[in-house]
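Below is one structure; the comments refer to it alone.
Index from 1, following the sequence.
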Amino acid sequence: MVRVLLAERVSLDKGEKTDSIERQHRLHVERIEQDRASGLDIDVVDVAEDRSVSGDIPLHERPKLKKWFTPEGLEQWQQLRVTTQDRLSRNDMHAMSFAFKLVFEWNKDLVILDDPTLDLHTPEGRAIFHVKCIGPHRELMRIKARAADSILTRRWTEAWLGGIAPGGYTTTTKRLPDPVSGDMKKRKVLILHEPTMTIMHEMRNWFLEGETYLGIARRLNARGELTIKDWWRKEHDMDLLGSKWTDSTVKQLLTSPSSIGIKMDGKKPMHNEDGSPFRIADPVFEDEEWSSLQNAVATRSKAPYRVNQTSPLLGVVYCGKCGSPAYRIANVRPHKTYHYYRCRNFDTKCQTSLPAEDALEIVEQTFLEREARNEIQSKVWVPGEDHTERLKQVRAAIERLEREKDLRATWDDEDEERFLTRMDKLVAERNELKALPQRASGWEFKGTGVTYGEVWAAASEEDRRKLLLDRGVELRLRGKYQWEVFIPDDWPSRTVEAA
């Protein structure tokens with residue numbers, strides 16, 4: 001009995017075409033029926049259908065096929081079949097590397113239906129196989145070159161250049177003028193996508209409430225929410241990958257300017273000649289929503305982050321000499337482990353420290369003596385008439401334009417005229433923005449109706465830490481058993497009298 005693995009692949013799944021999955025499968029079935037009619041005992045182990053998978057992807061990385069190249073998977077089949085050589089791979093190096101493993105490492109056979117005489121066990125067979133790999137490889141290079149030329153011509157248009165749409169978006173088809181010929185051609189453009197747009201706003205709200213990137217990812221995974229990548233595949237009738245949310249994915253989505261409709265060049269936002277952002281779609285977040293989110297991101301990035309388990313005073317204890325955060329460290333003895341908060345700035349060698357138990361007692365006692373009867377204030381973002389962001393963009397555009405002039409090796413009268421025209425527009429807009437009334441967006445405080453003392457009594461260790469951080473409490477270590485607890489005075493508070 002020959003245990004056979006059938007591999008079927010297509011780059012773009014568009015139904016019945018000459019290289020479609022359906023046609024490949026019919027060819028496989030016809031060949032198996034012929035083999036069985038001639039007396040061969042064929043057992044089909046699996047049909048690995050990889051739809052919308054590029055021929056440049058190695059076989060061991062293809063979603064449906066890769067499991068068969070694990071140690072467990074390799075034990076279950078003897079022969080791999082593909083209909084044509086380019087279904088195997090369009091990359092000659094990938095194909096040759098795979099053929100070497102197949103024959104010499106795994107002791108398997110390869111059958112290519114349109115090349116029935118192929119024998120990779122002979123030097124002649126391998127040489128012929130290598131020559132035949134060149135054709136698909138050159139075609140792959142031509143495809144990539146055409147794609148690169150197409151992207152270049154569409155770069156400064158509304159067209160989406162391809163790939164998975166950013167969070168909050170999907171694509172639709174629209175006729176746009178071709179930058180070269182001027183003819184109207186069908187292009188993909190971004191439009192808002194309600195399901196993923198809702199997810200983006202949920203993530204923003206959670207973040208503003210104090211949730212971490214990792215915490216947001218865990219929330220989404222806990223409820224089984226599809227990732228942006230799998231939402232994209234679902235919208236395009238592709239097999240889901242079952243991918244999980246990660247903290248890095250959440251951070252990227254919440255900080256990428258693509259969320260406000262700006263076209264990206266890699267990881268950098270693109271700008272028009274006047275310095276304004278090059279927008280190609282409606283924003284997922286309005287300007288005020290985006291501004292408050294980025295302010296929160298900037299503030300959070302300055303705070304200490306945790307590794308493994310959070311210490312009770314992480315972000316609260318600082319060195320009073322150099323200003324660096326102090327971290328909890330363990331001093332292990334044969335019968336007991338002692339914990340200290342110590343400055344870890346090795347450049348200054350401050351080495352200020354305090355036993356962790358003492359630090360907790362000092363902070364708790366001082367904080368409650370001052371704040372126990374005060375009402376907890378929640379921060380609420382209040383939008384205003386704020387032209388700060390646009391003013392910053394215009395000023396940055398003026399600086400870029402000035403640098404561009406300085407860097408130009410030659411500068412003729414026509415260049416000078418263009419420069420002056422662009423500069424005049426930018427300066428006029430800057431002056432107009434400066435003259436507009438400004439009421440900056442910002443945080444306002446709103447009473448919660450409960451006191452710090454009430455919440456502290458029932459709070460967990462982590463919730464107490466968050467209360468201290470939100471209130472701006474710092475324990476500053478000055479030396480051995482020399483310390484001070486700092487609590488900002490500019491925090492609005494209202495003392496709640498006991499009933």
Side-chain angles (χ1 to χ4, degrees), residues 150-179 184-208 213 216 226-229 231-236 248-298 381 383-397 400 425-426 429 433 441:
S150 177
I151 288 173
L152 189 62
T153 59
R154 290 180 287 134
R155 184 181 179 191
W156 289 100
T157 71
E158 185 184 341
W160 174 244
L161 300 182
I164 298 172
Y169 295 99
T170 186
T171 56
T172 188
T173 302
K174 180 179 179 180
R175 288 192 173 275
L176 299 174
D178 185 84
M184 300 299 290
K185 294 186 177 181
K186 287 185 177 180
R187 301 296 189 197
K188 287 185 177 180
V189 295
L190 293 179
I191 57 171
L192 293 174
H193 179 239
E194 186 173 346
T196 53
M197 185 177 175
T198 300
I199 295 172
M200 295 288 288
H201 278 269
E202 275 189 303
M203 292 195 298
R204 173 187 173 274
N205 293 338
W206 290 339
F207 189 83
L208 291 181
Y213 299 121
I216 293 171
L226 295 180
T227 61
I228 300 300
K229 184 182 294 185
W231 262 111
W232 172 260
R233 296 181 73 87
K234 180 181 179 180
E235 291 292 312
H236 292 79
S248 58
T249 301
V250 171
K251 182 178 182 180
Q252 189 274 328
L253 289 170
L254 293 181
T255 56
S256 173
S258 61
S259 298
I260 50 176
I262 296 177
K263 198 168 191 176
M264 305 293 289
D265 181 7
K267 295 183 178 181
K268 295 181 179 180
M270 296 174 62
H271 293 83
N272 296 309
E273 283 191 355
D274 63 359
S276 61
F278 182 42
R279 294 182 184 267
I280 59 171
D282 292 330
V284 172
F285 300 121
E286 297 299 330
D287 289 345
E288 292 298 338
E289 294 174 329
W290 177 252
S291 178
S292 62
L293 175 59
Q294 299 317 302
N295 286 340
V297 168
W381 181 261
E385 186 179 357
D386 187 358
H387 309 283
T388 305
E389 288 298 318
R390 180 55 189 159
L391 188 57
K392 284 169 58 179
Q393 293 169 1
V394 172
R395 284 172 171 161
R400 282 197 299 272
K425 288 181 179 179
L426 288 170
E429 184 177 1
L433 289 170
S441 302

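Annotation: side chain of Thr171 is not in contact with side chain of Val189 (no heavy-atom distance under 4.5 Å). Between Lys251 and Val297 there is no side-chain heavy-atom pair separated by less than 4.5 Å. Contact of the Tyr169 side chain with the Ile191 side chain is not registered, since no non-hydrogen atoms from C-beta on lie closer than 4.5 Å. Counting heavy atoms from C-beta on, the side chains of Thr227 and Thr249 never come closer than 4.5 Å.
Partners of Lys392 by side-chain hydrogen bond (donor to acceptor under 3.5 Å, both in side chains), not counting sequence neighbours: none found. For Ser258, the side-chain hydrogen bond (donor to acceptor under 3.5 Å, both in side chains) partners at least two apart in sequence or on another chain are Ser256. The side-chain hydrogen bond (donor to acceptor under 3.5 Å, both in side chains) check on Thr255 picks up nothing, with sequence neighbours excluded. With sequence neighbours excluded, the residues that form a side-chain hydrogen bond (donor to acceptor under 3.5 Å, both in side chains) with Trp231 are Glu225.
Side-chain atoms of Ser259 do not come within 3.5 Å of backbone N or O of Gly167 as any donor-acceptor pair. Proximity of a side-chain donor or acceptor of Tyr213 to a complementary backbone N or O of Gln252 within less than 3.5 Å is not detected. A distance-only check finds a donor-acceptor pair linking the side chain of Arg279 to the backbone of Ile260 [under 3.5 Å].
Counting all heavy atoms, side chain and backbone alike, Ile262 lies closest to Pro269 at CG2-CB, 3.8 Å. Taking every heavy atom of both residues into account, Ala296 and Leu208 meet most closely at CB-CD2, 3.5 Å. When every heavy atom of Leu426 is checked against every heavy atom of Val394, the shortest pair comes out as O-CG1, 3.4 Å.
Contacts classified as salt bridge (Lys or Arg N to Asp or Glu O under 4.0 Å) and involving residues 163-177 (residues at least two apart or in different chains) are given here: Glu158-Lys174.
Note that OG1 of Thr172 and NZ of Lys188 are 10.0 Å apart. Values are rounded to the nearest 0.5 Å. Here the NZ-OG1 distance, from Lys234 to Thr170, works out to 12.5 Å after rounding to the nearest 0.5 Å. Here CG of Leu391 is found 9.0 Å from CD of Glu429. Values are rounded to the nearest 0.5 Å. Between the CD1 atom in Ile280 and the CG atom in Leu190 there is a gap of 4.5 Å [rounded to 0.5 Å].
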With a 3.5 Å cut-off and sequence neighbours excluded, list the donor-acceptor pairs that the side chains of residues 195-203 form with protein atoms.
{"from": "Thr196", "atom 1": "OG1", "to": "Gly168", "atom 2": "N", "distance (Å)": "3.2"}
{"from": "Thr196", "atom 1": "OG1", "to": "His193", "atom 2": "O", "distance (Å)": "3.4"}
{"from": "Thr196", "atom 1": "OG1", "to": "His193", "atom 2": "ND1", "distance (Å)": "2.8"}
{"from": "Thr198", "atom 1": "OG1", "to": "Glu194", "atom 2": "O", "distance (Å)": "2.8"}
{"from": "His201", "atom 1": "NE2", "to": "Val284", "atom 2": "O", "distance (Å)": "2.8"}
{"from": "Glu202", "atom 1": "OE1", "to": "Arg223", "atom 2": "NH1", "distance (Å)": "3.3"}
{"from": "Glu202", "atom 1": "OE1", "to": "Arg223", "atom 2": "NH2", "distance (Å)": "2.5"}
{"from": "Glu202", "atom 1": "OE2", "to": "Arg223", "atom 2": "NH1", "distance (Å)": "3.0"}

